[in-house]
Amino acid sequence: MGRIARIRAREILDSRGNPTIEVEVHLDSGFYGRACVPSGASTGKHEALELRDKDKSRYLGKGVQKAVFNVNEIIAPQLEGLDSSRQSEIDMLLCELDGTENKSKLGANAILAVSMSLARATAEELGIPLFAYLGGVRARVLPVPFMNVINGGVHADNPLDFQEFMLVPWGAESFAQALRMGVETYHTLKGLLKEKKLSTSVGDEGGFAPQIGSPEEALDLLLFAIEKAGYKPGEEIALAMDVAASELYKEGLYHLPGLGKILSREELTEYYGKLCENYPIVLLEDPFSEDDPEGFKLITSKLGGKIQIVGDDILVTNPKRIKWAIEEKLCNAVLIKLNQIGTVTETIQAVELAYRGSFRAMISHRSGETEDAFIADLSVALNTGQIKTGAPARSERTAKFNQLLRIEEYLGDGALFAGKEFIKK
Ligand SMILES: O=C(O)[C@@H](CO)OP(=O)(O)O
Ligand SMILES: [Mg+2]
């Protein structure tokens, strides 16, 4: 296999106009792989460290020149000459070179960009698609797209307390059909908002950010849009929410200013129970704070038999934390974000661990994204059956949807759309 000849990093921009890192790994055979790293806004405090320069004279302190330097000057000399197909070995070497628990020395952004472009370079050299390189012959499940069409929380400037309201077109026969169902509903929703004289401006992930405060109002709008677009709510298109509750948690209570309420863990659980009775909700992400495992335990005991309870901030794609969540029955699914942990190998390990504990896994984008569609390939490679990558109307999000369309076409009759089976409890 090809040997690593040269590694180059550079500073580019993400979808929020903030700097991020891009890396190219060139092999001696002439093939190369390129990858860009995304960036979160509602980040978990146990995430691997995203290295930023803090030099206020450049990009208001958000530059990533230090991470670029670490790749070009520290990582590259160590990796040059190595066989690029030894992904897990090289990923472990990267962890060793860093030497810290949270990749704070070299930066998880620097390390991940190398890890991802390494995988891509090898796939290029082998002449096979990235998903096939990462997943082999088993990789054939096209995920149900969880489409975040109403944004709130720290991703939007509206009063909605909950961060994401998602369409789940799980009744489709193929990914392409699921995407079309979601897109039609998205455009119908836009018309509906206009009719109601509500704003059609969008949040960070391309979902609308109307000036509404209650989750019920958002969910009603979605139900109405689904029906108006000609689909059956629940049966054909279900709903999901990422509450991102770490952002709402202060001194043991959940502050919901948009709704005009401050709720205890028990009251919030009751509220979720009612929402799930009244709406076809199939998944709740981060319903409680990363600092409130008791809340997670409570809701999983109450609703975990019916719907997916997904841990994002609380688990941060970290195998150790996922193990803890399985043992303690904190939730029954895990959100998977490459940059929360920092290498491709550890991300795959996190998913495998989740499966062994009978957890579901959902591959996810970040609110600050790039044109890189790595996660689309990853979702098929690992047969997760579910992906969330925003609304279908901004290029950094459609890049992932479009890549999934290509993969489905490439797999032909071998493709299997996840549908309800991968989502339903
Ligand atoms: O909370 C989340 O799940 C993500 C992605 O939707 O947001 P962020 O990237 O801001 O952490
Ligand atoms: Mg989340």
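Sequence positions, counted from 1, serve as the residue numbers for this chain. Both backbone and side-chain heavy atoms feed into the values below; hydrogens, waters and symmetry mates do not. Atoms within each ligand, like the ligands themselves, are counted from 1 in listed order.
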| request: Apply side-chain hydrogen bond (donor to acceptor under 3.5 Å, both in side chains) to the pair Gln308 and Glu285, showing each step before the final yes or no. | output: CA-CA 8 Å; Gln308 286 190 56; Glu285 180 185 330; over 6 Å; no
| query | Given the side-chain rings of Tyr249 and Phe288, with only the six-membered ring counted for Trp, is the space between their centroids under 6.0 Å? | reply | no
| query | Side chains of Asn332 and Arg360: is there a donor and an acceptor less than 3.5 Å apart? | reply | no
| field | Counterpart residues, ring-ring contact (aromatic ring centres under 6.0 Å, His included), relative to Tyr271 (two or more places apart) | value | none
Can you confirm whether [X] sits close enough to [Y] that some side-chain heavy atom of one is under 4.5 Å from a side-chain heavy atom of the other?
X	Y	answer
Pro233	Glu227	yes
Leu416	Leu142	no
Asn72	Arg8	yes

| remark: Vertex the Mg ion (ligand 2), ends Asp312/OD2 and Glu285/OE2: angle to nearest 10° comes to 90°
| message | Using 2.8 Å as the threshold, say whether any N, O or S atom from Asp242 sits that close to the Mg ion (ligand 2). | response | yes
| message | Taking non-hydrogen atoms within less than 4.0 Å of ligand 1, which protein residues qualify? | response | Gly40, Ala41, Ser42, His155, Gln163, Glu164, Glu205, Asp242, Glu285, Asp312, Leu335, Lys337, His365, Arg366, Ser367, Lys388
